[in-house]
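Below is one structure, written out as structure tokens; comments come after it.
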Amino acid sequence: MNKSLFCFIIVLLLFHNCTTDSKKSIVKKDDANKSLTENYLKVLSGVSNNDSLIILIDKYETILSGQLTNEEKSDYYSKLGVILYQHSFLSKADSSFYKAQVAYSEIGDSSRVSHMRMNRAAMNEMEGNFEKAVIIYHEVIDYFKRVNDSAQLANSYSNLGVAYQTMELANNSLEYHKKALALRKAIFDTINIAYSYNNIGVVFMEDFDNVDSALYYYKQAYRIFKDKNALYESSTVSNNIGHIYLNLKEFNKVDQYFAYSYEVFDSLNMEQGRAEILRSYGQLYFAQGNDPKAIASLKSSLEINEQAGNQKEILEINKVLSKIYIANGNFSKAISTMQVVNKLGDSILNIEKQKAIADIETKYQVKEKNKTIEVLQLEDELHVKRIRNQTILIVLLSVIFGLIIIVLVFRSRQNKLAAKQLRLELDNYLLRIDEMQLELMKNGSKQISANKLKAYELSDREIEVLKLISQGFKNTEIADKLFVSQNTIKTHIKNIYVKLDVKNRVEAIKRVDIH
């Protein structure tokens, strides 16, 4: 939510420029064509169904073919690109902006050419084509340098910084965010100075794990946003600051920043913002040991997200709830919550799988496409089998759990020692189920050479983290499995890199001969 928010705002500003300022560069048009394209754009803006929108666009494309001048094309396709973006057709929006770019180039409007390139870079970045986005950003930067347009140059630096961070090139990201900050200070662009402060804070927090620097830049952004009465932005940054203090266990400060964020989101009647802070409060209460308040807060957040249909948020909230239930020994609720987690995870995976298949249909030739789709479908079948096996295991666990509870109730008054032993057996069953589920999902875990590990003097926890890395888990997933913070995992990974004398995960895995 935090990092993409501010890049997204800059993109919208660019769209606003391209849909309003472009009128200045367009010469007098044929009245009939102008009226026709404006009418088409008005109709397209009112269409909500994606399939209907594409059908209408294709129809209008046929009618307008060969009729528009370059001036008319530039205006029509730049605005059409915005409409396509609003419907999340990023690739089609990129194509439309490219047509506008060509038309602007034909009439010699290099400024608008660069704006169209900026929009295309943003589309490619949001679609995950970061290398292409970076190339386009550099082209735009060269142009704005030549014309000495500091404001747009700063925007280009900022967007490039976000792209580099997503590509995990933290040093490059920090370099361009600082360039953007310096330019914005030079032209006294106060609100965008705050965006730059926030972006730099994100890099320091997420990539360098530098809490002090992150806090400094976040607080600078927070102060400016509050002074400028930018309520949404200030509450978002306040939430970021609160989470840093949560990791530092400075709970009084956490409550101060969370309370401000909740008050703002509530005053703006932003339900999703309220849900985000309620989830944050749940994490705070859990850290303080107040499990009832943590559960109540998380369930309130869960209710809002269920009404909005935010499956990924529902998934994450249920993961936290399951941890609380396990910590309290409420294993029946933990099991039912994990069933929800498995079901949601399966649903999200299916959506992503279908999207991957759809992408393949547009990118590959028929022969290659069919082969790749068969592989994806096979993977899907294997995943279904794994889920079925997991369900059977959960049912068996539930039966075993019920039997153990009956035995505990029957014998608890006679032998407390036996009751404790049964509880240990229950824990062992749960641990065994987790191991079996992990084996099923990973189709066999990778092993690390014991001799190599001894040579590098890795600690037990570092070995555990390295094994999870070799199995393909991300930092957030490793943190969840080990019940520690992401910052702790990042620290372990840095120590592993130093001891193994490597720069990344791939080199680390090769260094210890994972096979």
Side-chain angles (χ1 to χ4, degrees), residues 7-127 129 132-133 135-137 139-140 143-144 147 149 151-152 155-156 159 362-363:
C7 177
F8 177 69
I9 291 173
I10 292 172
V11 171
L12 287 183
L13 291 174
L14 291 171
F15 286 157
H16 177 73
N17 287 337
C18 82
T19 57
T20 57
D21 293 347
S22 59
K23 296 178 182 179
K24 299 177 182 178
S25 65
I26 297 176
V27 299
K28 186 176 181 181
K29 303 175 179 180
D30 179 85
D31 290 340
N33 278 351
K34 180 178 179 181
S35 177
L36 185 63
T37 55
E38 287 181 350
N39 182 58
Y40 285 171
L41 290 168
K42 182 177 180 180
V43 173
L44 293 173
S45 297
V47 176
S48 58
N49 181 271
N50 286 347
D51 292 334
S52 300
L53 177 68
I54 298 303
I55 291 172
L56 273 177
I57 289 175
D58 291 341
K59 177 183 176 181
Y60 293 160
E61 188 81 11
T62 302
I63 296 172
L64 295 173
S65 178
Q67 293 190 35
L68 301 181
T69 65
N70 285 319
E71 290 85 350
E72 292 163 346
K73 285 180 182 178
S74 62
D75 183 63
Y76 178 72
Y77 285 114
S78 63
K79 293 176 180 177
L80 178 60
V82 176
I83 294 173
L84 287 165
Y85 159 75
Q86 291 169 341
H87 284 260
S88 298
F89 288 121
L90 303 179
S91 180
K92 291 182 181 294
D94 177 29
S95 177
S96 186
F97 287 133
Y98 177 72
K99 291 178 181 179
Q101 174 186 324
V102 172
Y104 280 123
S105 179
E106 289 294 326
I107 61 178
D109 190 342
S110 55
S111 175
R112 301 315 309 165
V113 168
S114 292
H115 281 292
M116 291 305 102
R117 281 178 173 163
M118 180 75 88
N119 290 345
R120 291 183 57 223
M123 295 302 96
N124 279 280
E125 185 178 345
M126 285 186 281
E127 201 173 15
N129 300 326
K132 184 176 179 181
I135 291 172
I136 298 174
Y137 278 136
E139 292 174 353
V140 175
Y143 170 77
F144 287 132
V147 299
D149 188 339
Q152 291 299 345
N155 289 343
S156 303
N159 285 353
T362 62
K363 292 180 180 178

Show the nearest heavy-atom pair for residues [X] and [Y], with the distance to one decimal.
{"X": "Ser74", "Y": "Ala100", "result": "O-CB, 3.8 Å"}
{"X": "Ala93", "Y": "Tyr85", "result": "CB-N, 3.8 Å"}
{"X": "Ala103", "Y": "Asn70", "result": "CB-O, 3.4 Å"}
{"X": "Gly81", "Y": "Ser96", "result": "N-OG, 3.3 Å"}
{"X": "Tyr104", "Y": "Asp75", "result": "OH-N, 4.5 Å"}
{"X": "Glu125", "Y": "Asn159", "result": "OE1-O, 3.7 Å"}

### Task
Over 60° means perpendicular and under 30° means parallel, so classify the ring planes of Phe144 and His115, tilted if in between.
perpendicular

Inter-residue atom distance [X].[atom1] - [Y].[atom2], 0.5 Å rounding:
{"X": "Asn124", "Y": "Tyr137", "atom1": "CG", "atom2": "OH", "value": "9.0 Å"}
{"X": "Ser91", "Y": "Met126", "atom1": "OG", "atom2": "CE", "value": "12.5 Å"}
{"X": "Arg112", "Y": "Met118", "atom1": "CZ", "atom2": "CE", "value": "11.0 Å"}
{"X": "Leu36", "Y": "Gln67", "atom1": "CG", "atom2": "CD", "value": "7.0 Å"}
{"X": "Ser114", "Y": "Ile136", "atom1": "OG", "atom2": "CD1", "value": "11.5 Å"}

When you measure from the side chain of [X] to the backbone of [Y], do you find a donor-acceptor pair of N or O atoms at a distance under 3.5 Å?
{"X": "His87", "Y": "Ile54", "value": "no"}
{"X": "Asp94", "Y": "Leu90", "value": "no"}
{"X": "Ser45", "Y": "Leu41", "value": "yes"}
{"X": "Ser65", "Y": "Thr62", "value": "no"}
{"X": "Asn129", "Y": "Lys132", "value": "no"}

### Task
Only counting residues at least two apart or in another chain, list the ones meeting side-chain contact (heavy atoms from CB on, under 4.5 Å) with Glu61.
Tyr77, Lys99

### Task
Name all residues meeting the side chain to side chain donor-acceptor pair (under 3.5 Å) criterion together with Ser110; count only those two or more places apart in sequence or in a different chain, and write none if there are none.
Tyr143

### Task
Using the test salt bridge (Lys or Arg N to Asp or Glu O under 4.0 Å), find all partners of Lys59 that sit at least two apart in sequence or belong to another chain.
none

